[in-house]
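Okay, so here's the structure we're looking at.
A, B, ... follow the sequence lines: proteins, then strands. Residue 1 opens every chain. Hydrogens, waters and symmetry mates are skipped; everything else that's a heavy atom, side chains included, is used.
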2 protein chains.
Amino acid sequence: MTSRIDGSKIARRIRASVADRVAEAARSGRVPGLATVLVGDDPASAVYVAAKRRAVREAGMRDFHRQLPERATQLEVATVIDDLAHNPDVSGILLQLPLPAHLTAAALIDRIPVAKDVDGLTTASAGRLARGERGLRPCTPSGVIELLDAEGIELRGACVAMVGWGELVGRPLTQLLLRRGATVSVAHEFTADLAAVTRPADIVVVATGVRGLVGPEHVKPGATVIDAGIHRTSSGLTGDVRAAELDGIAGRITPVPGGVGPMTIAMLVVNTLRAAEWGAERQAVPA
Amino acid sequence: MTSRIDGSKIARRIRASVADRVAEAARSGRVPGLATVLVGDDPASAVYVAAKRRAVREAGMRDFHRQLPERATQLEVATVIDDLAHNPDVSGILLQLPLPAHLTAAALIDRIPVAKDVDGLTTASAGRLARGERGLRPCTPSGVIELLDAEGIELRGACVAMVGWGELVGRPLTQLLLRRGATVSVAHEFTADLAAVTRPADIVVVATGVRGLVGPEHVKPGATVIDAGIHRTSSGLTGDVRAAELDGIAGRITPVPGGVGPMTIAMLVVNTLRAAEWGAERQAVPA
């Protein structure tokens, strides 16, 4: 029997636990706050930002939102970020991607101070992850780790196949898994024989953006399969894994929707709390 | 027949090519310079620093050296680094490790400006590597890539086993190999079955600090074996690979000494030139 990993339930538990800690912090007058920055009117981005803001408010945190027009200049966006960077009420800053094509995303992301980088996407945060230093980790990768931990799956010594080596999931998650002691094999678009990489693995994590890439031919019986893909189809949301075909083969699998997706938002809420705590420590230490 | 990869020869060619470019830069009055900082009297460190300074001078570059006593304070070392950071004649700064135990190495390394970080060990350089941005890469990992390139070994689509995930070699090299399109499996101290990871690989890179760890039981016939280990024994230098036992099994192998070792110094010379070019560009651009 293949069991489904209930990401929605695990995410709810994490968000409730953050809400408790926020309520405690609020009693000493310190309420964490997240600033979301949305440039333009991409409908999908608007939906994501609305969900993030809702999660933040539900956790009892302050919701700062800045909406900029599609035609906003690099300088205008930079000025908004700098303003939020200097605002002591703003614990974390999230610049919603993708940006309109005329803007340079990397330069704008790197204006976010490392202690407010709740998406973990700045060069400084990437360096801290690579060096194992304190920092905020990208939300989806840390959500995958939390899922595996919640399921009681041992990572030290486990064989993990990481399918996909993209900036948002595969690259940071490879490092998080290695830091936890997993033996990690990374496959990607240039991998000739994907099954040769994935079949020996105890855990297969898929984040490729290729719908239905992974199926029963790739998975060892009893393995755990984590699907970080998301695709909108006429029959609803689906992932990078052919989940129905893995029924009875995989030991456990994350559904899409309701698997990794809810964890991403839960980890954003966690990161905002961590950013607030980190910011408070930095203020407490004399310069 | 197993062929030996002649790192000394490849390193000499690279250093000669750098010397040509340095001579050209010198005609326009721009001579790159490396500053080595050595704290204390560790004999091995003194030998390494002397070899680096010699290579720099042989390439026609300026050799700045700062020797500090074993009892130097954190502030004293930091002041020396800051001084070199502001000196426009110094293209690159190398802080020789290990430092005496009373000093905090990470904080001192991170004082080196990213454009002068010829060892590629700062958090900023690690972030630039992780994000695929311009930056100076650590010398031994980039030396391994150069060796493989010089041998005409295709990395895109190749299966590489990276044995060892240390800060100086395994971590950055994993990223460099993935950026080049290799399918990479990373093994380390928590890997239960090392041979299962290494036997399928076309290229096995070993950087563990464990003498003689890898032997014929780990290597597919015809595979390329790169040994980044170095151990001083009563019978001379030896590596992490039992090279004699791989004769007739491996397709190609790097000897110790004369394989990866000379490449590390060659890449330091390359990085110093790159740092000088990068520094010149930054000065040419109005702030």
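Most heavy-atom pairs under 4.5 Å with chain A: of the set B:G181, B:A124, B:A130, this distinction falls to B:G181.
Side-chain N or O atoms of B:H188 include none that pairs as donor or acceptor with a backbone N or O of A:L178 at under 3.5 Å. With hydrogens and angles ignored, the 3.5 Å screen pairs no side-chain donor or acceptor of A:R171 with any backbone N or O of B:Q175. Panel note: side chain A:R131, backbone B:L121; a donor-acceptor pair is recorded below 3.5 Å.
With a 4.5 Å cut-off on non-hydrogen atoms, A:V184 touches chain B through its backbone but not through its side chain. For A:A182, the part lying under 4.5 angstrom from a heavy atom of chain B is the backbone only. Of the two parts of A:T174, neither the backbone nor the side chain holds a non-hydrogen atom closer than 4.5 Å to a non-hydrogen atom of chain B. Neither the backbone nor the side chain of B:R180 comes within less than 4.5 Å of any heavy atom of chain A. The contact between B:T122 and chain A is made entirely by backbone atoms, counting heavy-atom distances below 4.5 Å. In this structure, chain A has heavy atoms under 4.5 Å from both the backbone and the side chain of B:R128.
Counting non-hydrogen atoms of other residues, nucleotides and ligands closer than 6.0 Å to CZ of A:R211 gives a total of 12 or fewer. Surrounding NE2 of A:H102 are more than 12 heavy atoms belonging to other residues, nucleotides or ligands, all under 6.0 Å away. No more than 12 heavy atoms of other residues, nucleotides or ligands shown are found within 6.0 angstrom of CZ on B:R156.
Closest approach of B:T183 and A:V186 over heavy atoms only: CG2-O, 3.3 Å.
At a heavy-atom separation below 4.5 angstrom, chain B is approached by no residue within residues 139-146 of chain A.
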